[in-house]
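Down below is the structure, laid out as structure tokens.
Residue indices begin at 1 and follow the sequence shown.
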Amino acid sequence: MCGLSWLPGPGKFEPGRTSIDTSGAVYVVAQLQKFKSGVRGGTAASDSARQMAAMAATLADDQAMYDTAAYIATLDGAASAVTVDGDIQQGASYYRQFCAACHGPAAQGNPALNSPRLVGADDWYIVSQLEAFRSGSRGNNPQDRTGKQMRVMADVLPDTAAVASVAAYIRSLEQ
């Protein structure tokens, strides 16, 4: 079921599909729980988020979510192609100011904060998620504590060029 939207690992690129094995199991389970409970994927969400909510609804229980996350953690592959052009130096400045406290100085994530690993993620996916937070199509449910935090942080980025620069910086960390 996941292969319809997600690729089995980095190194492959298809528009609208990203690899999911970079985020970490804690984050994957947390997001599946949000989708299944309706905290993510509601009427204001993107088509892909609503599709994820429908897919998460098919998982029988939390154990199925943990099993799914454990499987995803076994996937491996090379980095996908760079698709976002941004000012890496400016992105580094924004990242250090607004992102590193939760996602770590090397974008390695922090399971204690449910902050996913960002290094290794597709750059276009980082842009799409930051823009979803900025537009309010993600992180708008009152029960989504981490989503609300991300909305505030994404909103401090002044424009789409800043978003692209943050994504370009994160992408540069894996090189």
Side-chain angles (χ1 to χ4, degrees), residues 2 5-6 15-59 62 65-66 68-69 72 83-84 86 90-171 173:
C2 301
S5 299
W6 300 95
R17 293 177 65 188
T18 189
S19 57
I20 56 174
D21 63 335
T22 60
S23 300
V26 170
Y27 182 77
V28 170
V29 170
Q31 296 311 302
L32 288 171
Q33 289 169 334
K34 287 180 182 185
F35 281 118
K36 186 166 178 134
S37 70
V39 170
R40 283 193 65 191
T43 57
S46 67
D47 290 343
S48 59
R50 288 193 305 275
Q51 181 183 19
M52 273 298 305
M55 293 297 161
T58 67
L59 297 171
D62 281 353
M65 293 179 199
Y66 285 104
T68 300
I72 290 166
T83 62
V84 173
Q90 186 66 52
S93 176
Y94 285 129
Y95 184 87
R96 284 190 294 271
Q97 290 177 66
F98 307 123
C99 311
C102 293
H103 292 281
Q108 74 276 12
N110 184 341
L113 298 176
N114 281 331
S115 299
R117 173 184 171 91
L118 300 175
V119 68
D122 294 319
D123 51 8
W124 66 266
Y125 183 74
I126 292 169
V127 168
S128 72
Q129 294 308 297
L130 285 171
E131 291 296 350
F133 283 118
R134 286 166 49 90
S135 73
S137 66
R138 183 165 177 196
N140 64 357
N141 186 304
Q143 297 174 334
D144 188 359
R145 182 184 54 81
T146 56
K148 288 190 297 185
Q149 290 170 333
M150 273 303 303
R151 274 195 75 190
V152 170
M153 297 314 295
D155 277 342
V156 301
L157 297 173
D159 53 31
T160 57
V163 170
S165 293
V166 168
Y169 170 69
I170 292 167
R171 186 55 190 258
L173 294 174

Gap between atom [atom2] of [Y] and atom [atom1] of [X] - 0.5 Å precision:
X      : Y      : atom1 : atom2 : answer
Ser165 : Ile170 : OG    : CD1   : 11.0 Å
Tyr66  : Leu59  : OH    : CG    : 13.0 Å
Arg117 : Asn110 : CZ    : CG    : 13.0 Å
Met150 : Ser115 : CE    : OG    : 8.5 Å
Thr68  : Asp62  : OG1   : CG    : 11.0 Å
Asn114 : Thr146 : CG    : OG1   : 6.0 Å

Can you give me the closest heavy-atom contact between [X] and [Y], atom names plus distance?
X      : Y      : value
Ser137 : Ala44  : CB-O, 3.4 Å
Ala69  : Val28  : CB-CG1, 3.9 Å
Val166 : Tyr94  : CG2-CB, 3.6 Å
Ala162 : Pro158 : CB-CD, 3.6 Å
Pro105 : Tyr169 : O-OH, 4.2 Å
Phe35  : Ala49  : CE2-O, 3.3 Å

Look only at the side chain of [X] and the backbone of [Y], and say whether a donor-acceptor pair between them is shorter than 3.5 Å.
X      : Y      : result
Arg134 : Leu157 : yes
Asp123 : Ala167 : no
Gln97  : Ser93  : yes
Asp122 : Trp124 : no
Arg40  : Arg138 : no
Gln143 : Asn141 : no

Asp144 with Lys34: basic N within carboxylate O range, under 4.0 Å
yes
Can you tell if the side chain of [X] reaches within under 4.5 Å of the side chain of [Y], non-hydrogen atoms only?
X     : Y      : value
Tyr95 : His103 : yes
Met52 : Leu32  : yes
Val29 : Gln33  : yes

Arg96: partners by salt bridge (Lys or Arg N to Asp or Glu O under 4.0 Å), with sequence neighbours left out
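Salt bridge (Lys or Arg N to Asp or Glu O under 4.0 Å) check on Arg96 returns nothing, list empty.
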Could you go step by step and tell me if Lys36 and Met65 meet the side chain to side chain contact (heavy atoms under 4.5 Å, CB included) rule?
CA-CA 10 Å; Lys36 186 166 178 134; Met65 293 179 199; 3.3 Å; yes
